[in-house]
Visitor: 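First the structure, then my questions, so here it is.
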Amino acid sequence: AKEEGGGGRLELYAAHMHAKVVGRLELQTELRQALADNAFTLEYQPVVNLETSRVTAVEALVRWRKNGQLVPPDDFIAPAEESGLIVPLGEWILREACQKVAVWRGTTGLDIRLSVNISVKQVLSPRFVETVAGVLAECALNADVLTMEVDEEVLLENPGQAVDRLAELRDLGVRLAIDDFGMGYASLAHLRQLRVDEIKIDRSFIRDLGGDGTVTLLTQTIIRLGQDLGMQVTAEGIEHPRQLDRLRAMGCAYGQGFLVARPMPADGVEALVGGETATAL
Ligand code: C2E
Ligand code: MG
Ligand code: MG
Ligand code: MG
């Protein structure tokens, strides 16, 4: 009887795993179809200079238009990475965002930059650097208009190769940012392996600013470190005026967050850059 029970559990477990795998495969098929159907869209979140309150850049953030809803990237980037779809999807994202930014720069004459998130699968894919160079050329954009944001995992999963590819990208003139800085294992070590132009302080630090002395001290230390190494420091996830005040007092030069502006569709950016490009801060 014992064995039967165990077998039953095992079957149940197998059925559960099977359902999970099938669910994953269905999602991957849906994602592939979505790319073919042009069902992905980009929103752009402004990045501002905290001293002048002017928009200096936008970060492209992908969404999936599904049944009249916008599905957030946290629900589909991981399966897109697993299936390899992230490579063509990432190329679509890069081209779409670069085309838009080229138009905005052309029509306004403003020096607005673009940040794009990339995942390790893209970095390690063959022809990655050529693809980026090709898209920049197509859009007639200088390489230094583009910043590629990687999180620290990129450097953990396949350190040697990923670092080499990113160094090639940087040789093209593309800027590199470490996203979610401070969250990964051994954040500081990565700054030795690779020339980085920008660090983006993870939202969790900004959320807890002022609440607890340690977080404030760590944030101040990250800001100083970035400055001393000649890097741009950008705070993510600014939601409250007191966080903004603290960051300004600590000398953080750039910021992003719902208080400044939420991610918005392309026509929202057009209205913003067509106007003053100064936010209400
Ligand atoms: P991320 O690169 O760290 O992007 C910032 C995320 O924080 C965005 O979420 C943004 O909407 C959100 N955010 C901005 N300001 C605030 C704030 O004040 N408060 C709070 N609570 N959240 C804020 P989103 O768009 O859902 O993207 C989540 C993550 O998905 C991104 O984190 C990035 O790692 C990934 N992702 C987004 N777009 C792409 C893409 O095109 N390619 C790749 N590979 N990954 C992407
Ligand atoms: Mg990012
Ligand atoms: Mg990211
Ligand atoms: Mg981030």
Side-chain angles (χ1 to χ4, degrees), residues 31 34-35 40-48 50 55 57-65 69-98 100-101 113-125 128 131-132 135 146-154 157 162 175-184 187 196-209 222 232-244 247 254-266 268-269 279 281:
L31 288 170
L35 185 60
F40 290 101
T41 187
L42 298 183
E43 289 194 320
Y44 300 87
Q45 186 177 34
V47 179
V48 296
L50 294 180
V55 178
V58 289
E59 178 177 0
L61 296 161
V62 68
R63 280 90 179 82
W64 174 17
R65 273 191 264 113
Q69 311 254 62
L70 287 185
V71 181
D74 286 340
D75 292 357
F76 63 85
I77 289 289
E81 286 171 348
E82 273 167 38
S83 67
L85 188 73
I86 193 69
V87 174
L89 174 59
E91 185 175 341
W92 179 85
I93 292 165
L94 180 69
R95 181 171 284 106
E96 171 74 14
C98 283
K100 283 278 167 12
V101 168
R113 293 166 182 266
L114 170 68
S115 289
V116 174
N117 295 284
I118 45 170
S119 54
V120 64
K121 271 271 166 66
Q122 288 172 267
V123 175
L124 294 175
S125 68
F128 168 66
T131 301
V132 176
V135 170
L146 177 65
T147 300
M148 296 211 121
E149 299 190 1
V150 293
D151 32 49
E152 294 166 285
E153 286 158 63
V154 164
E157 259 182 54
R175 299 172 77 252
L176 295 182
I178 305 273
D179 208 353
D180 309 334
F181 187 84
M183 289 311 284
S187 292
V196 169
D197 302 277
E198 176 178 353
I199 50 182
K200 302 191 76 171
I201 307 174
D202 190 71
R203 188 161 84 223
S204 59
F205 289 87
I206 312 308
R207 185 186 56 217
D208 297 337
L209 261 192
I222 294 172
Q232 173 176 330
V233 180
T234 305
E236 298 192 289
I238 306 173
E239 294 182 355
H240 299 291
R242 69 187 138 75
Q243 295 167 335
L244 179 66
L247 288 163
Y254 294 86
Q256 204 176 344
F258 293 169
L259 177 71
V260 181
R262 289 195 174 250
M264 55 183 85
V269 182
T279 54
L281 296 183

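Positions are given from 1 along the sequence. Just follow the structure's listing: the first ligand is 1, and inside any ligand the first atom is 1. Everything quoted here is computed from the prediction, not taken from an experiment.
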Visitor: Within the 3.5 Å criterion, strictly below it, is a donor on E198 or T234 matched to an acceptor on the partner's side chain?
Guide: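 Short answer, yes.
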Visitor: Kindly assign one of parallel, tilted or perpendicular to the pair F76 and W64, based on the angle between their ring planes and the thresholds 30° and 60°.
Guide: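 Judged by the thresholds at 30° and 60°, the geometry between F76 and W64 is perpendicular.
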Visitor: Could you tell me whether I238 approaches ligand 1 through its side chain, its backbone, both or neither, with non-hydrogen atoms closer than 4.0 Å?
Guide: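 I238 to ligand 1: backbone contact only, side chain stays beyond 4.0 Å.
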Visitor: Determine whether the side chain, the backbone, both or neither of R262 has a heavy atom under 4.0 Å from any heavy atom of ligand 1.
Guide: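 Near ligand 1, R262 shows nothing, with every heavy atom at 4.0 Å or more.
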Visitor: Does D179 bring an N, O or S atom to within less than 2.8 Å of the Mg ion (ligand 2)?
Guide: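 Given the 2.8 Å cut-off, D179 counts as a ligand of the Mg ion (ligand 2).
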Visitor: Could you go through F128 and I118, starting from their C-alpha distance and side-chain angles, then the distance that decides it, and tell me whether this counts as side-chain contact (heavy atoms from CB on, under 4.5 Å)?
Guide: CA-CA 11 Å; F128 168 66; I118 45 170; 3.8 Å; yes
Visitor: Suppose I only count heavy atoms of D74 and a 4.0 Å limit; which atoms of ligand 1 are within that range?
Guide: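 Those qualifying, in numeric order: 28 (C), 29 (C), 30 (O).
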Visitor: May I ask you to list the atoms of ligand 1 that are less than 4.0 angstrom from any heavy atom of P73?
Guide: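 By the 4.0 Å cutoff, the relevant atoms are 24 (P), 25 (O), 26 (O), 27 (O), 28 (C), 30 (O), 36 (N), 37 (C).
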Visitor: Identify, by atom number and element, the atoms of ligand 1 in contact range of P263, meaning under 4.0 Å from any of its heavy atoms.
Guide: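 That gives atoms 11 (O) of ligand 1.
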Visitor: Which ligand 1 atoms does G237 reach within 4.0 Å, using its non-hydrogen atoms?
Guide: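 Taking each heavy atom of G237 in turn, ligand 1 has 16 (C), 17 (C), 18 (O) under 4.0 Å.
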Visitor: If you count the atoms of ligand 1 from 1 in the order shown, which ones are under 4.0 Å from a heavy atom of D180?
Guide: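 With D180 as reference, the close atoms of ligand 1 come out as 3 (O).
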Visitor: Report the part of L42 in contact with ligand 1, treating N, CA, C, O as backbone and CB onward as side chain, heavy atoms under 4.0 Å; options are side chain, backbone, both, neither.
Guide: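 For L42, no heavy atom sits under 4.0 Å from ligand 1.
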Visitor: Going by the atom numbers of ligand 1, which of them fall below 4.0 Å from some non-hydrogen atom of E239?
Guide: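 In order of numbering, the contacting atoms are 17 (C), 18 (O), 19 (N), 20 (C), 21 (N).
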Visitor: Using a heavy-atom cut-off of under 4.0 Å, does the side chain or the backbone of E59 touch ligand 1, or both, or neither?
Guide: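 Side chain only.
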Visitor: Please work out whether any backbone atom (N, CA, C, O) or any side-chain heavy atom from C-beta onward of E43 is under 4.0 Å from ligand 1, and answer side chain, backbone, both or neither.
Guide: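 None of E43 does.
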Visitor: N/O of I86 under 3.5 Å from N/O of ligand 1, yes or no?
Guide: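 No - when backbone and side-chain N and O of I86 are compared with those of ligand 1, no distance drops under 3.5 Å.
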Visitor: Tell me yes or no: between the side chains of S119 and E81, is some donor less than 3.5 Å from an acceptor?
Guide: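 The answer is yes; a qualifying pair exists.
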Visitor: Out of all atoms in ligand 1, which are within 4.0 Å of some heavy atom of Q45? Include the element for each.
Guide: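 Contacts of ligand 1 toward Q45, numbered from 1: 14 (C), 15 (N).
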Visitor: Would you say E149 reaches the Mg ion (ligand 2) with an N/O/S atom under 2.8 Å?
Guide: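 Of the N, O and S atoms in E149, at least one lies under 2.8 Å from the Mg ion (ligand 2), which means yes.
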Visitor: Side chain to side chain contact (heavy atoms under 4.5 Å, CB included) with Q45: which of V58, V269, L61?
Guide: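 Between Q45 and the candidates, side chain to side chain contact (heavy atoms under 4.5 Å, CB included) is satisfied uniquely by L61.
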Visitor: For the side chain to side chain contact (heavy atoms under 4.5 Å, CB included) test, which of T41, V71, L70, I93 pairs with V62?
Guide: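 Only match with V62 under side chain to side chain contact (heavy atoms under 4.5 Å, CB included): I93.
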Visitor: Could you tell me, atom by atom, which parts of ligand 1 come under 4.0 Å of a heavy atom of D179?
Guide: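 So the answer, numbered in order with elements, is 1 (P), 2 (O), 3 (O).
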Visitor: Residue-level breakdown please: for N117 versus ligand 1, do any non-hydrogen atoms fall below 4.0 Å on the side chain, on the backbone, on both, or on neither?
Guide: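 Contact part for N117 vs ligand 1: both backbone and side chain.
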Visitor: Is there any N or O on I93 that sits under 3.5 Å from an N or O of ligand 1?
Guide: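 Between I93 and ligand 1 (N or O atoms, distance only) the closest approach is not under 3.5 Å.
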Visitor: So, of the N/O/S atoms that E59 has, which is the nearest one to the Mg ion (ligand 2)?
Guide: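 Checking each N, O and S atom of E59, the shortest distance to the Mg ion (ligand 2) belongs to OE2.
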Visitor: Hey, is the Mg ion (ligand 4) within less than 2.8 Å of some N/O/S atom on D202?
Guide: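 D202 does not place any N, O or S atom closer than 2.8 Å to the Mg ion (ligand 4).
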Visitor: Could you tell me if the side chain of L176 sits less than 4.5 Å from the side chain of V150, heavy atoms only?
Guide: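 Of all side-chain heavy-atom pairs linking L176 with V150, none is under 4.5 Å.
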Visitor: Evaluating non-hydrogen atoms only, which member of F258, F76, F40 is closest to atom 13 (N) of ligand 1?
Guide: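 Nearest option to atom 13 (N) of ligand 1, by heavy atoms: F258.
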Visitor: Let me check your reading of the structure: within less than 2.8 Å of the Mg ion (ligand 2), is there an N/O/S atom from N117?
Guide: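 It does; at least one qualifying atom falls short of 2.8 Å.
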Visitor: Are E236 and ligand 1 in contact, using a heavy-atom cut-off of under 4.0 Å?
Guide: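 Contact check E236 vs ligand 1: positive.
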Visitor: Checking contacts here: is it the side chain or the backbone of Q256 that comes within 4.0 Å of ligand 1, counting heavy atoms only? Could be both or neither.
Guide: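 No part of Q256 is near ligand 1 at this cut-off.
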Visitor: With respect to the Mg ion (ligand 4), please indicate if D180 possesses an N, O or S atom at a distance under 2.8 Å.
Guide: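 It does: D180 brings an N, O or S atom closer than 2.8 Å to the Mg ion (ligand 4).
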